2 protein chains.
Amino acid sequence: MRSSAEDLTTRARIRDAAIGLFGRDGFARATVRAVASTAGVSPGLVIHHFGSKAGLRDACDQHVLAQTATQGREKADPVSTRQLIQDYLNHPDQYADEITYIRRTLSDESEAGDAFFDAVVKQTQDIIHAGMEAGTIRKFDDVRSTAVVIASNSLSILMLGRHLSRTLGTLGPEPHGIGPELLRQLTLPALEIYTHGFYADARFLDAAREAINTNTSTNTGREHAP
Amino acid sequence: MRSSAEDLTTRARIRDAAIGLFGRDGFARATVRAVASTAGVSPGLVIHHFGSKAGLRDACDQHVLAQTATQGREKADPVSTRQLIQDYLNHPDQYADEITYIRRTLSDESEAGDAFFDAVVKQTQDIIHAGMEAGTIRKFDDVRSTAVVIASNSLSILMLGRHLSRTLGTLGPEPHGIGPELLRQLTLPALEIYTHGFYADARFLDAAREAINTNTSTNTGREHAP
DNA sequence: TCGCAGATTGAACAAGTGTTTAGTCTATGA
DNA sequence: TCATAGACTAAACACTTGTTCAATCTGCGA
């Protein structure tokens with residue numbers, strides 16, 4: 001369900017070209033002239049529509065991340081999430097630019113990236129709470145930290161997708177590397193760890209518990225943030 | 001154990017300044033003039049020593065990643081790894097530039113980043129094999145994919161450290177966000193998942209096994225890479 | 001002491017950058 | 001019909017970029 005063809009307003013065409021180039025080359029490396037050339041317009045028109053290169057970036061941020069955030073908020077339940085994944089697996093190239101752009105936004109420092117990450121964590125937290133009540137997810141003391149860990153692990157595929165697919169030899173036509181083959185190959189190992197754990201017993205966990213409990217008083221670390 | 005003071009050769013001072021700026025601002029945004037100014041020399045001298053800006057990047061890659069790779073290869077056993085972590089927790093700011101630089105290298109496309117990631121995966125694979133024999137790590141069918149998942153999860157702290165500490169409120173003076181407080185707060189939740197799992201039972205795992213086994217024949221995916 | 005190779009600099013160059021500006025084209029409403 | 005607003009362009013501007021170059025400075029071996 002995307003505006004696919006060339007029947008877009010010029011402003012939208014420029015913005016989409018910028019999303020592709022900003023994601024692929026980064027904001028600094030991507031030039032206004034390249035964006036204009038990709039969109040088939042003159043450099044001046046880019047400035048005319050967006051005020052400045054920074055304004056163009058803001059428009060891209062708002063478009064990609066607002067869209068993804070609302071999608072995420074609407075489809076917070078596991079069923080819709082599964083449908084979203086299925087939709088992606090059927091049309092992977094439709095989302096390529098968005099994925100690359102989000103990865104770049106999370107890498108560079110930006111308020112849009114911060115907001116997106118926080119939204120993912122919040123959504124994960126909601127899922128964990130619901131799963132704990134439903135009995136599908138184990139009970140955790142520190143749900144917030146657990147959600148941060150899970151979100152971080154999930155987003156690592158987004159951040160390192162190129163490396164993952166390169167190492168596993170599942171590199172498809174997608175520049176970010178996150179293709180159906182990669183997901184198919186990682187799903188079972190990840191779910192095994194999430195189901196039966198990674199370690200054979202609680203040795204490491206107990207040792208860490210003890211170390212942290214004894215260290216908190218003697219350590220040189222600063223006080224806890226309020 | 002770092003060459004701390006100003007008793008460095010000019011070439012090394014330029015390289016260290018570049019490591020800091022390339023990591024913080026990225027290769028494109030960081031200018032030769034800024035590197036020269038930080039090192040207290042003229043822009044021409046930077047070129048004189050490294051041939052070009054790209055040559056300077058190569059030197060930085062080789063310095064940071066070769067150093068880290070050898071460290072990783074020497075300290076592959078869990079005991080030394082723990083000592084390395086302890087060493088970091090005691091002197092976090094000494095490693096700040098290296099951490100930021102490695103994160104940037106993994107984000108941008110570069111052979112050095114590829115080699116580093118592969119080294120981490122290989123090291124993780126060795127640890128898993130050893131742990132499986134020693135009985136501390138569960139038995140996995142697909143050790144390579146499991147190692148990729150574990151490595152990806154571990155590196156996510158590196159890639160998203162700024163977001164993690166920002167969300168959890170453990171932001172210290174480090175620009176990358178990976179401070180002692182963050183690690184202390186994430187250790188137990190991560191180890192709990194790695195020990196007892198995340199899901200309450202094998203429902204999701206079994207469902208995924210079934211879905212993948214039935215899909216592999218009917219799916220439109222291409223053949224497996226050799 | 002001399003000479004020379006390398007370190008180092010300041011200024012300049014050429015290319016590329018974001019942005020501005022003057023002007024043309026086009027549609028739309030009075 | 002015509003005036004006006006906005007889309008749009010080509011050219012230029014001001015600035016930054018990486019790099020070069022001629023010229024000094026410095027240390028060291030003969």
Side-chain angles (χ1 to χ4, degrees), chain A residues 3 5-64 101 104-105 107-112, chain B residues 3 5-64 101 104-105 107-112:
Chain A
S3 46
E6 279 286 338
D7 50 8
L8 282 170
T9 177
T10 304
R11 191 187 143 94
R13 247 177 38 239
I14 295 174
R15 185 206 52 213
D16 286 355
I19 288 171
L21 288 176
F22 286 168
R24 204 174 309 276
D25 304 331
F27 180 72
R29 260 180 301 238
T31 69
V32 172
R33 280 172 173 81
V35 171
S37 167
T38 303
V41 298
S42 70
L45 190 62
V46 176
I47 303 298
H48 170 73
H49 274 300
F50 297 94
S52 67
K53 193 187 179 186
L56 177 58
R57 196 236 306 258
D58 291 345
C60 293
D61 281 350
Q62 206 217 344
H63 184 74
V64 174
Y101 190 88
R104 263 259 140 63
T105 309
S107 284
D108 305 346
E109 304 191 14
S110 81
E111 294 185 19
Chain B
S3 45
E6 279 286 338
D7 51 6
L8 282 169
T9 177
T10 304
R11 190 188 144 93
R13 248 176 38 238
I14 296 173
R15 177 200 3 96
D16 286 355
I19 289 171
L21 287 176
F22 286 169
R24 204 175 310 275
D25 305 332
F27 180 72
R29 261 181 299 241
T31 70
V32 173
R33 280 173 172 80
V35 171
S37 167
T38 304
V41 299
S42 69
L45 191 62
V46 176
I47 304 297
H48 170 73
H49 274 300
F50 296 94
S52 67
K53 193 187 179 185
L56 176 58
R57 197 238 305 260
D58 291 344
C60 293
D61 281 351
Q62 205 217 344
H63 184 74
V64 174
Y101 189 88
R104 263 257 140 64
T105 309
S107 284
D108 305 346
E109 304 190 15
S110 82
E111 294 184 19

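Only heavy atoms go into these numbers, but all of them, side chains included; no hydrogens, no water, no symmetry mates. Fair warning: this is a prediction, and the values are worked out from it, not measured in the lab. All chains are named by letter (A, B, ...) in the order of the sequence lines, taking the proteins before the strands, and each is independently numbered beginning at 1.
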Practice task
Determine whether B/R15 and B/F50 make a side-chain contact, defined as any pair of heavy atoms from C-beta on separated by less than 4.5 Å.
Solution key: yes

Handout entry: Spacing between B/L45 atom CG and C/dG10 atom P, to the nearest angstrom
Key = 11 Å

Handout entry: Student check: side-chain heavy atoms of A/L56 and A/F22 closer than 4.5 Å
Key = yes

Practice task
Decide if atom CZ of A/R24 counts as having more than 12 heavy atoms of other residues, nucleotides or ligands within a radius under 6.0 Å.
Solution key: no

Exercise for the section: Determine whether A/R11 and A/V41 make a side-chain contact, defined as any pair of heavy atoms from C-beta on separated by less than 4.5 Å. Expected result: no

Exercise for the section: Under 4.0 Å between any heavy atoms, over every strand shown, what does A/H49 touch: base, sugar-phosphate, or nothing? Just pick one. Expected result: sugar-phosphate

Handout entry: Considering all heavy atoms, the nearest B/V35-B/A17 contact
Key = O-CB, 3.9 Å

Exercise for the section: Mind calculating the distance between CZ (B/F50) and P (C/dA7) to the nearest angstrom? Expected result: 11 Å

Below 3.5 Å is the cut-off: list the nitrogen or oxygen pairs between protein and nucleotides 16-18 of chain C, distance only.
from, atom 1, to, atom 2, distance (Å)
C/dG18, OP1, A/V32, N, 3.2
C/dG18, OP1, A/K53, NZ, 3.0
C/dG18, OP2, A/V32, N, 3.0
C/dG18, N7, A/R33, NH1, 2.8
C/dG18, O6, A/R33, NH2, 3.1

Practice task
Using a 4.5 Å cut-off on heavy atoms from C-beta on, say whether the side chain of A/V46 contacts that of A/K53.
Solution key: no

Exercise for the section: Using a 4.5 Å cut-off on heavy atoms from C-beta on, say whether the side chain of B/L45 contacts that of B/H49. Expected result: yes

Exercise for the section: Shoot me the first and last contacting nucleotide of DNA chain D against chain A, ordered 5' to 3', at under 4.0 angstrom to non-hydrogen atoms. Expected result: D/dA7 to D/dA12

Problem - salt bridge (charged side-chain N to carboxylate O under 4.0 Å, His left out) evaluation trace for B/R104 with B/D25 - result: CA-CA 9 Å; B/R104 263 257 140 64; B/D25 305 332; over 6 Å; no

